[in-house]
Visitor: 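My questions will all concern the structure given below.
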2 protein chains.
Amino acid sequence: MPVLRSDAARSRARILDVARRHDPGALRFNDLAREAGVGVGTVYRHFPTTHALVEALTLDTLERLRVLVRAALAESDAGTAIADLLRAALDLQLEEGGLQPVLLSAEDESDEVHEAKQEILGGFEQILVRARAAGVVRPDLSTEQVEHLVCGMEHAVRLGASSDREPYLEILLAGLRPV
Amino acid sequence: MPVLRSDAARSRARILDVARRHDPGALRFNDLAREAGVGVGTVYRHFPTTHALVEALTLDTLERLRVLVRAALAESDAGTAIADLLRAALDLQLEEGGLQPVLLSAEDESDEVHEAKQEILGGFEQILVRARAAGVVRPDLSTEQVEHLVCGMEHAVRLGASSDREPYLEILLAGLRPV
DNA sequence: CCCGAAACGGATTCTCCATCCGCTTCTGCG
DNA sequence: CGCAGAAGCGGATGGAGAATCCGTTTCGGG
């Protein structure tokens with residue numbers, strides 16, 4: 001990443017700025033270009049694919065999640081750690097619609113995103129290991145399955161008019177406990 | 001519905017037949033037309049919108065679900081009834097990708113679909129009432145919330161490589177139980 | 001100030017969606 | 001049977017959006 005030329009940095013910032021005001025699931029490069037006052041070519045140069053743009057938009061949120069994972073790792077009670085983390089992950093996904101695709105996608109286009117995801121997923125695995133050991137999460141569930149469950153819960157919350165995630169989170173946590 | 005002319009019935013059947021071999025989430029009318037050996041106009045005449053086509057494709061599955069709801073209503077144990085029904089609903093959704101959109105959509109384009117949905121949703125509500133009364137489902141959850149949870153579970157199962165829905169179903173049922 | 005590299009922009013091409021209307025096929029009736 | 005007109009057909013067509021390509025402009029180090 002050889003430092004951006006000043007005009008390039010300006011364009012990039014404008015595009016991201018405009019993109020943030022759009023539904024992350026329906027980004028139209030031509031519209032973004034017009035609204036940002038740049039050519040379409042410029043948008044495509046900065047973000048070769050929609051996914052690259054979504055990653056860039058999501059990076060902040062991803063960093064926030066990374067911090068929350070560190071906090072959870074520092075928490076001594078395994079039950080509290082996992083409950084807090086799942087709540088945070090769900091909230092962030094609800095707040096930033098682009099987060100779920102980024103977390104689920106196997107191919108990361110940006111190194112920063114890749115690195116953040118590595119730490120997040122690794123940390124999550126750790127916390128889950130502790131939670132299993134402490135008997136607050138069923139030992140027969142894989143890390144992936146729990147990740148998928150969080151995504152499923154996001155989906156469920158989004159289907160409702162009110163987006164009160166608390167009942168859904170309770171159900172998830174109760175369901176995860178060993179029988 | 002004033003009975004179809006013979007050529008119209010043939011076209012309709014061909015289109016549905018071809019559509020069934022496609023991903024319900026990515027139906028391209030031009031492709032269907034070519035593969036079915038009819039003009040695009042014909043496809044649009046029979047199914048003015050993608051949703052209308054999905055409804056038609058889904059009707060069989062919807063009827064199956066209706067039958068399963070009746071069976072659940074006849075079951076005397078409320079816990080068994082709801083567990084069986086949720087399992088069935090999840091399985092049908094996984095099997096027929098178009099089912100979730102049809103169940104969730106508020107506007108039904110076909111009367112048959114509307115009627116089936118009425119019975120299904122009404123019956124489900126009944127079963128849920130009994131389940132709450134029997135103490136197998138938390139009383140603070142609305143019918144809609146439970147519906148959304150099933151959809152969320154479908155989403156979660158689909159994210160995984162293996163589509164073994166059993167663990168997800170167990171988690172859902174455990175989570176639904178009162179604390 | 002100059003020059004090569006970097007970035008820009010938008011015309012253009014390609015693909016896919018959806019409509020419209022002249023032509024064909026069906027069917028019921030005389 | 002054969003005809004009339006209703007019903008259905010089909011694909012050319014116009015429109016919208018995606019993505020590319022290349023001549024022009026801008027930047028910044030020497």
Side-chain angles (χ1 to χ4, degrees), chain A residues 1-59 97-98 101-102 105 107-112, chain B residues 1-59 97-98 101-102 105 107-112:
Chain A
M1 195 154 296
V3 184
L4 250 26
R5 224 172 72 172
S6 66
D7 54 346
R10 196 177 339 116
S11 296
R12 191 172 195 278
R14 278 191 196 168
I15 295 165
L16 285 172
D17 202 45
V18 165
R20 237 175 277 277
R21 282 180 237 125
H22 287 247
D23 170 5
L27 295 169
R28 280 175 310 186
F29 278 29
N30 280 294
D31 289 0
L32 296 182
R34 191 173 21 73
E35 286 179 39
V38 302
V40 219
T42 301
V43 181
Y44 280 96
R45 190 161 343 89
H46 285 285
F47 308 103
T49 65
T50 302
H51 189 248
L53 174 54
V54 172
E55 277 190 3
L57 284 172
T58 300
L59 192 57
V102 170
S105 141
E107 311 300 316
D108 303 319
E109 312 207 22
S110 121
D111 287 350
E112 275 168 293
Chain B
M1 198 151 295
V3 184
L4 250 25
R5 224 172 74 172
S6 66
D7 53 347
R10 195 175 341 114
S11 296
R12 190 171 196 281
R14 278 193 195 166
I15 294 165
L16 283 173
D17 202 46
V18 165
R20 238 176 277 278
R21 284 180 236 122
H22 288 246
D23 171 5
L27 295 170
R28 279 175 311 182
F29 279 29
N30 280 294
D31 290 0
L32 297 180
R34 192 173 19 74
E35 285 180 41
V38 303
V40 220
T42 302
V43 181
Y44 279 98
R45 188 157 351 84
H46 284 287
F47 308 103
T49 65
T50 303
H51 189 248
L53 174 54
V54 172
E55 277 191 3
L57 284 171
T58 300
L59 192 55
V102 171
S105 140
E107 311 300 316
D108 303 320
E109 312 207 19
S110 122
D111 287 350
E112 274 167 296

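Naming convention: chains lettered A, B, ... in sequence-line order (proteins, then strands); numbering from 1 in each chain.
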Visitor: For A/Leu4 and A/Ala8, which heavy atoms make the closest approach, and how far apart are they?
Guide: CG-CB, 4.0 Å
Visitor: Going through the checks in order, is the salt bridge (charged side-chain N to carboxylate O under 4.0 Å, His left out) test met by B/Arg34 and B/Asp31?
Guide: CA-CA 5 Å; B/Arg34 192 173 19 74; B/Asp31 290 0; 3.2 Å; yes
Visitor: With the sugar-phosphate defined as primed atoms, P, OP1 and OP2, and the base as all remaining atoms, what B/S/- string results for nucleotides 24-30 of chain D, 5' to 3', for protein heavy atoms under 4.0 Å?
Guide: --BSS--
Visitor: Tell me whether the OP1 or OP2 atom of D/dA18 has a side-chain N or O from A/Asn30 closer than 4.0 Å.
Guide: yes
Visitor: Side-chain contact test, heavy atoms from C-beta onward, threshold under 4.5 Å: evaluate it for B/Val43 versus B/Asn30 and give yes or no.
Guide: no
Visitor: In whole Å, what is the span from the CG atom of B/Leu32 to the C1' atom of D/dG10?
Guide: 15 Å
Visitor: Which pairs, protein N/O on one side and nucleotides 20-23 of chain D N/O on the other, fall under 3.5 Å?
Guide:
none

Visitor: Counting only N and O atoms by type, is there a donor-acceptor contact under 3.5 Å from the side chain of A/Glu55 to the main-chain atoms of A/Glu109?
Guide: yes
Visitor: Let me know which of A/Thr42, A/Leu32, A/Leu53 forms a side-chain contact (heavy atoms from CB on, under 4.5 Å) with A/Phe47.
Guide: A/Leu53
Visitor: Test your reading of the model: is there a side-chain donor-acceptor pair from B/Asp23 to the backbone of B/Gly25, 3.5 Å cut-off?
Guide: yes
Visitor: To the nearest 0.5 Å, what is the distance between CG (A/Asp17) and CG (A/Leu57)?
Guide: 10.0 Å
Visitor: What's the CZ-C1' distance between B/Arg28 and D/dA18, to the nearest Å?
Guide: 14 Å
Visitor: So for atom CG, which belongs to B/Asp111, do other residues, nucleotides or ligands contribute more than 12 heavy atoms lying within a distance under 6.0 Å?
Guide: no
Visitor: With side-chain hydrogen bond (donor to acceptor under 3.5 Å, both in side chains) as the test, would you mind laying out the steps for B/Glu35 and B/His22 before giving the verdict?
Guide: CA-CA 11 Å; B/Glu35 285 180 41; B/His22 288 246; 3.1 Å; yes
Visitor: Just the endpoints, please: which first and last nucleotides of DNA chain C, 5' to 3', lie under 4.0 Å from a heavy atom of chain B?
Guide: C/dC16 to C/dT27
Visitor: For B/Thr42 and D/dG8, is the shortest distance between a side-chain N/O and OP1 or OP2 below 4.0 Å?
Guide: no
Visitor: Nearest 0.5 angstrom please: A/Arg14 CZ to A/His46 NE2, how far?
Guide: 11.0 Å
Visitor: Determine, for B/Arg10 against B/Asp7, whether the closest basic-nitrogen to carboxylate-oxygen distance falls under 4.0 angstrom.
Guide: no
Visitor: Over how many whole Å does the gap from B/Phe29 atom CZ to D/dG10 atom C1' extend?
Guide: 16 Å
